[in-house]
Amino acid sequence: SDVCSSDLEALAASMTADLDRLAMVARRTSDAVLIADTDCRITWVNEGFERLTGQGRDEVIGQVPSWFTPEPGADPRDVAALELALDRLQGFRDERRTRSREGRIGWISLEIQPLLDAQGQAQGFVAIASDITERRQAADALRASEELLERTGRIGHIGGWALDLQTQVLRWTDETCRIHDLPPGHQPTLDEGLAYYAEEWRPVIASAVRRAVEDGVPYDLELEIITARGRRVWVQAVGEVESRDGQALRLIGAFQDITERHQLENELRQRNETLASVLENLPCGLSVFDAELRLIASNRAYRALLGFPEELFQSERPRFEDFIRYNALRGEYGPGDPEAHVQTALHRAEGQVQRHQFERTRPDGTVLEVRGGPMPSGGFVTTYTDVTEQRRAEQSLRQRERLGHRHRVLEVQHLADQPDRLAGARRAAERHVPPEAFQQRLDPREHPGRRADVDRELAPPGLLGRARQIGR
């Protein structure tokens, strides 16, 4: 019996030491710890509990902890699981939302375990709670970010992908799957992923990936893929290496469907080519300056008619000021300070441009008809037509008209002198022809066919004939 007594004392001492150590751990741990009886009323809390909840020990002893009651709006399945665990004195784990005395919302990781005595009888519960607010907030932020990324990716047709260079495992986001006409969640092999690229583009993407892995050179390419449904789709593939300590670990990137953009660019390019062809075939020079007085369109005729050198067109958007200054310096605007001509032209161009038309004669004699007008978005368009030949023809016509007018005046003066000349001719004829010959002339009303014969017989061939012709 003495042996049994000493064994029990040793066991009790050992248990006491263990309890003391456990109590010390419970007191000093940063986690919140409470002990409750079988009625779920608090019998002990540690300092971590007071820090986490903001409640003192005296306030909560004898109270049922909020951890043991369902939170408002909780999932009914979680409520049933908690109640079942407490009724059956079973363990329970959960993450739940809490509210501090100041109203601050937080999250805890809660574990409840039954306390059993040496005979296995339940003596109550011990509950341990860890503050996971920051972790949950980070997880919520990450989830929100992923949801936003997923939503924006779907709207913008932008997906993502990652290739583990150690395992060669390729991962796609759901939007990348959709771009390939595959169900969300599909995770292809590396060979499958590369096989979707159109055959003519595979060497391009393979070379870009190799340079990225070996030399760390990122890439941004526009290529075509053939989807699982056989559609040809233009995509923008962007990739870069993620490294650690100089070792490439992953290749990550973005993947965007740019088919619509490509189609729009092709349509725009075709329209621009058509417009350029129209401009180049216009029978006049044309220039278009935008609201910032930058040249945005012109044709070769514009350069030729105004004699502009190619150097003026080398910049992407040449300035109106440069063209005016070039003209002023070579005397296109007449005498005077060239800079004054430039400032005058700039002042007009920067103001409210009105429709205008005028002619300008260049120093080489070329006459240009200039027509211009404003554009709705600002700036102006101007056409230049070479009317030199037209103006020369008009001048020649005016000269001919002046000569013709002078000739008509002389004719009128000549005809005005005819009566006197006719009378003189008749008197001269009468001196050579007997008077009775005139009396015997036929009446033209009776013998109209003989009038000319009589005239020829009676009139001397020179003098009277000319008088007859003049009289007619």
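All residue numbers refer to positions in the sequence shown, counting from 1. Quick caveat, the model's predicted, so the values are computed rather than measured. Only this structure's heavy atoms are used, side chains among them; waters, hydrogens and symmetry mates stay out.
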Would you say that P338 contacts R325 through its side chain, given a criterion of any heavy-atom pair below 4.5 Å between the two side chains? no
Only counting residues at least two apart or in another chain, list the ones meeting side-chain hydrogen bond (donor to acceptor under 3.5 Å, both in side chains) with T227. D181
Is there side-chain contact between L249 and Q166, with heavy atoms separated by less than 4.5 Å? yes
Scan R400, R398, Q399 and name whichever one has a side-chain hydrogen bond (donor to acceptor under 3.5 Å, both in side chains) with S396. R400
Taking the inter-plane angle between the rings of Y302 and F313 on a 0 to 90° scale, is it parallel (under 30°), tilted (30 to 60°) or perpendicular (over 60°)? perpendicular
Within a reach of under 6.0 Å around CZ of R93, are more than 12 heavy atoms found that belong to other residues, nucleotides or ligands? no
Under 3.5 Å, is there a donor-acceptor pair between the side chain of D131 and the main chain of G106? no
State whether the number of non-hydrogen atoms from other residues, nucleotides or ligands found under 6.0 Å of R202 atom CZ is greater than 12. yes
Within a 6.0 Å radius of atom CD on E316, are there more than 12 heavy atoms belonging to other residues, nucleotides or ligands? no
Over 12 foreign heavy atoms within 6.0 Å of CZ, R360: yes
Take R371 and E369 through the test salt bridge (Lys or Arg N to Asp or Glu O under 4.0 Å) and record every step on the way to the result. CA-CA 7 Å; R371 294 172 180 259; E369 181 185 67; 3.2 Å; yes
If the plane angle is over 60° it's perpendicular, under 30° parallel, otherwise tilted; pick one for Y196 and H180. perpendicular
